[in-house]
Amino acid sequence: MSFSDRIRAELKRAALSIGAPEDVEPLLERPRDPTLADWASNIAMVLARPLRRKPAEIAVAIRDNVNLANAGVDRIEIAGPGFLNFRLDPVAVAATVRDIVAGNENYGRASDGGNAPVVVEFVSANPTGPLHVGHGRQAALGDAISSLLEWTGWNVSREFYYNDAGVQIDNLELSVRAHIDAKGGEAVIPAGGYHGDYVREIALRFDGAMDEGVREFAVRMLRAEQDLDMQAFGVKFDTYYLESSLYTHGKVQQAVDRLIENGQTYESDGALWLRTVEYGDDKDRVMRKRDGTFTYFVPDVAYHLTKWERGFTRAINVQGADHHGTTTRVRAGLRALDLGIPEGYPEYVLHQLVTVVKNGEEVKISKRAGSYVTVRDLIDWVGRDAVRFFFLMRKGDSPLIFDVDLARRQSDENPVYYLQMAHARMSGIFRVGEIDASQMDISSVDLSALTEPEEQALIKQLIDFPAEVRGAAAALEPHRITSYALETARLAHQWYHKHHVLGEPEPIMSARLALARAAQIVIRNTLHLLGIAAPERM
RNA sequence: GCGCGCGUAGCUCAGCUGGAUAGAGCGUCGGCCUCCGGAGCCGAAGGUCGUGGGUUCGAAUCCCGCCGCGCGCACCA
């Protein structure tokens with residue numbers, strides 16, 4: 001149980017004892033200014049209204065009522081309009097280093113998810129071209145979100161869904177055939193076709209004597225390329241789901257039949273409509289067109305039904321914001337099935353689009369125009385770790401400008417190096433000291449020697465890690481971890497710069513070695529969460 | 001026009017489900033290398049949090065209007 005948990009519980013007990021409402025939930029937070037306190041609570045202000053007493057009075061009553069000696073609290077002060085400020089006992093703070101080192105690679109993990117199955121779908125690119133930068137953002141986000149969920153006790157399955165059948169694949173085939181027919185000359189790409197150089201390359205590599213046709217060959221080649229891209233990016237999927245299998249296994253028809261049976265559909269103008277308005281859409285949507293084929297969201301509904309049937313009581317989709325129009329109707333279709341699928345299923349993590357700037361100009365991203373930057377390009381230019389870090393540095397709600405020249409030119413000053421350097425520095429202490437950090441026994445080390453301000457600040461930051469992981473996982477926001485990681489690195493650098501470890505008199509050296517180990521562990525764990533390497537030296 | 005998202009330092013962005021004097025990196029200016037790695041550290045300048053109201057002890061944060069930007073609004077996927 002952390003300091004904050006213990007303080008919160010004791011605050012609640014004290015608040016109830018002076019007549020606070022049963023549902024009071026004390027909020028505890030780190031003040032912006034760390035010199036004010038380690039933790040602060042606004043509970044006295046919150047209770048002022050229900051108790052009809054002045055905040056300052058309530059604060060005094062609570063302060064006199066709490067017993068926080070075994071929560072590591074050294075001092076309680078009342079400040080400002082009625083804040084209760086708690087200052088931790090430095091010895092109690094220092095003692096937590098032991099827990100961090102003992103936790104090691106598991107420090108920061110939680111079991112909130114109860115090992116429940118959750119499917120995280122991301123990238124899901126159709127095999128009609130290489131993966132572009134938007135897919136890169138999705139891959140970084142989806143993989144990090146998956147890791148966060150794993151760390152908080154969920155049984156995660158990473159899934160890649162792709163359409164290997166529809167109109168776009170037809171266009172791909174026609175485009176490749178155009179190049180084959182042109183025999184290396186100027187190909188006439190049909191309307192809606194694909195213009196990228198990769199189409200010509202596929203045509204050149206196609207051999208008419210092969211067992212498979214142009215279509216199968218093109219899909220296979222592009223799928224293989226995408227797999228190589230994801231491999232280069234360090235992302236591994238557990239399952240690949242083909243849209244065509246929905247049809248061959250009758251899943252689409254089953255879903256449609258059930259919607260009709262449930263009376264959720266009607267015929268009009270020769271088409272079959274779904275009553276999505278009943279579920280919050282602004283107008284009903286066509287399911288089956290006049291020509292007898294289904295609109296795209298029907299297989300989408302069938303696909304998400306299989307997620308539910310496969311036992312995933314929770315599903316998360318990472319997609320570009322240009323797909324947000326589909327979220328309402330997919331959810332509507334699932335609810336109309338009347339199978340107990342909850343209203344917010346699946347959950348969507350939508351990210352704004354990525355703009356690539358190169359040579360000072362925006363690079364237009366268009367599969368059809370054939371001019372665009374691929375995930376592989378970015379990795380080649382700035383490295384996998386930097387690409388991942390940049391994509392995870394900001395929240396998905398913000399559009400992202402990826403300035404290639406800047407990322408390349410400033411690679412030496414890249415924040416990811418700053419972060420990795422902090423890890424390498426901590427590791428360097430053990431290397432130079434010829435100490436095997438993983439075998440270090442700190443059970444008898446006197447940690448109370450860690451009294452320097454930089455040491456206390458660093459330890460308090462390390463203590464926050466589990467709460468940061470849980471918060472980021474609950475919000476599905478990996479960027480919180482990048483921010484936390486940079487701040488941790490900053491505090492580690494400051495400490496390292498100001499204080500020596502090796503050669504210091506005992507018990508200081510042993511205590512600082514333990515702290516270096518704890519900092520190394522936390523920084524390494526943040527890097528692992530983000531899918532970035534934690535080098536021992538650089 | 002309707003829906004979703006976004007307007008915070010010169011630039012790129014944080015600001016944790018309302019808290020105390022608004023934060024970081026880059027850039028600019030000025031300091032620090034006998035040292036476990038200077039890929040680092042310390043300091044300075046830089047803000048009407050788009051704008052106008054509202055809610056309350058308290059608003060960058062919540063609500064409403066307006067302005068600006070992005071995306072989506074097909075019997076395309």
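Quick note on labels: first sequence line is chain A, next is B, and so on, each numbered from 1.
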Visitor: Please collect all side chain to side chain donor-acceptor pair (under 3.5 Å) contacts where either partner lies in residues 325-334 of chain A, sequence neighbours excluded, each pair once.
Guide: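 Sorted result for residues 325-334 of chain A: A:Tyr296-A:Arg329.
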
Visitor: Report the residues that fulfil salt bridge (Lys or Arg N to Asp or Glu O under 4.0 Å) with A:Glu504, sequence neighbours left out, ordered by chain and then residue number.
Guide: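 Checked A:Glu504 against salt bridge (Lys or Arg N to Asp or Glu O under 4.0 Å); matches are A:Arg512.
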
Visitor: How is the base pairing of RNA chain B summarised as a dot-bracket string, given the Watson-Crick and G-U wobble criteria with both distances under 3.5 Å, [ ] for crossing and | for another strand?
Guide: (((((((..((((.....[...)))).(((((.......))))).....(((((..]....))))))))))))....

Visitor: Would A:Lys307 and A:Glu159 pass as an ion pair if we require N to O under 4.0 Å?
Guide: no

Visitor: With P as the reference atom in both, quote the distance from B:C42 to B:G3 in angstrom, rounded to an integer.
Guide: 48 Å

Visitor: With A:Asp282, which residues qualify under salt bridge (Lys or Arg N to Asp or Glu O under 4.0 Å), at least two apart?
Guide: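 Listed in chain order: A:Arg285.
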
Visitor: What is the distance from CG of A:Leu486 to P of B:C41, rounded to the nearest Å?
Guide: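 After rounding, the gap between these two atoms is 11 Å.
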
Visitor: What distance, rounded to whole Å, do you find between the two P atoms, one in B:G25 and one in B:C66?
Guide: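 Here B:G25 and B:C66 have their P atoms 39 Å from each other.
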
Visitor: Walk along nucleotides 72-77 of chain B from 5' to 3' and tag each nucleotide B, S or - by protein heavy-atom contact under 4.0 Å, base first, then sugar-phosphate.
Guide: S-SBSB

Visitor: Using the rule for Phe, Tyr, His and the six-membered ring of Trp, do A:His493 and B:C41 stack at under 5.5 Å and under 30°?
Guide: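 No, aromatic ring not over the base.
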
Visitor: By nearest nucleotide on RNA chain B, pick out whichever of A:Met538 and A:Ala40 is the more 5' one.
Guide: A:Ala40

Visitor: What is the distance, rounded to the nearest whole Å, between atom CD of A:Gln520 and atom P of B:C36?
Guide: 18 Å

Visitor: Is A:Phe83 stacked on the base of B:A20, with ring centres under 5.5 Å apart and planes under 30° apart?
Guide: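 Yes; by the centre-distance and plane-angle rule, A:Phe83 counts as stacking on B:A20.
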
Visitor: Let me spell it out: for each of A:Arg30 and A:Tyr496, pick the nucleotide of RNA chain B with the closest heavy atom. Which residue's pick is nearer the 5' end?
Guide: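 Residue closer to the 5' terminus by nearest nucleotide: A:Arg30.
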
Visitor: Does the distance from a Lys or Arg side-chain N to an Asp or Glu carboxylate O, for A:Lys498 and A:Glu455, drop under 4.0 Å?
Guide: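 A:Glu455 and A:Lys498: not salt-bridged.
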
Visitor: Between B:C36, B:U56, B:A20, which one does the side chain of A:Val432 approach most closely?
Guide: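 For the A:Val432 side chain, the nearest candidate turns out to be B:C36.
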
Visitor: Output one letter per nucleotide in nucleotides 5-14 of chain B: B when a protein non-hydrogen atom lies under 4.0 Å from the base, S when only the sugar-phosphate is that close, - when neither is.
Guide: SS-----SSS

Visitor: Which whole-number value in Å describes the distance from A:Leu84 CG to B:A20 P?
Guide: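 A:Leu84 atom CG is separated from B:A20 atom P by 16 Å.
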
Visitor: Considering only atom C1', compute the distance from B:C13 to B:G7 and round it to an integer number of Å.
Guide: 13 Å

Visitor: Whole angstroms only, please: what is the NE2-P distance between A:His500 and B:C41?
Guide: 15 Å

Visitor: When you measure from the side chain of A:Met421, which nucleotide among B:C36, B:A39, B:C41 comes out closest?
Guide: B:A39

Visitor: Taking all non-hydrogen atoms of both residues into account, name the closest pair between A:Leu222 and A:Pro127 and its distance.
Guide: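 Distance-wise, the nearest heavy atoms are CD1-O, 3.3 Å.
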
Visitor: Output the rounded distance in Å from CD (A:Glu29) to P (B:G15).
Guide: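 Value for this atom pair: 15 Å.
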
Visitor: In whole angstrom, give me the gap between the P atoms of B:U51 and B:A59.
Guide: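 Result for the P pair: 16 Å, nearest Å.
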
Visitor: If you only use heavy atoms from C-beta on, which nucleotide in B:C41, B:G19, B:C36 is closest to the side chain of A:Tyr418?
Guide: B:C41

Visitor: Among B:A39, B:G37, B:G40, which nucleotide sits nearest the side chain of A:His497?
Guide: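 The closest nucleotide is B:G40.
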
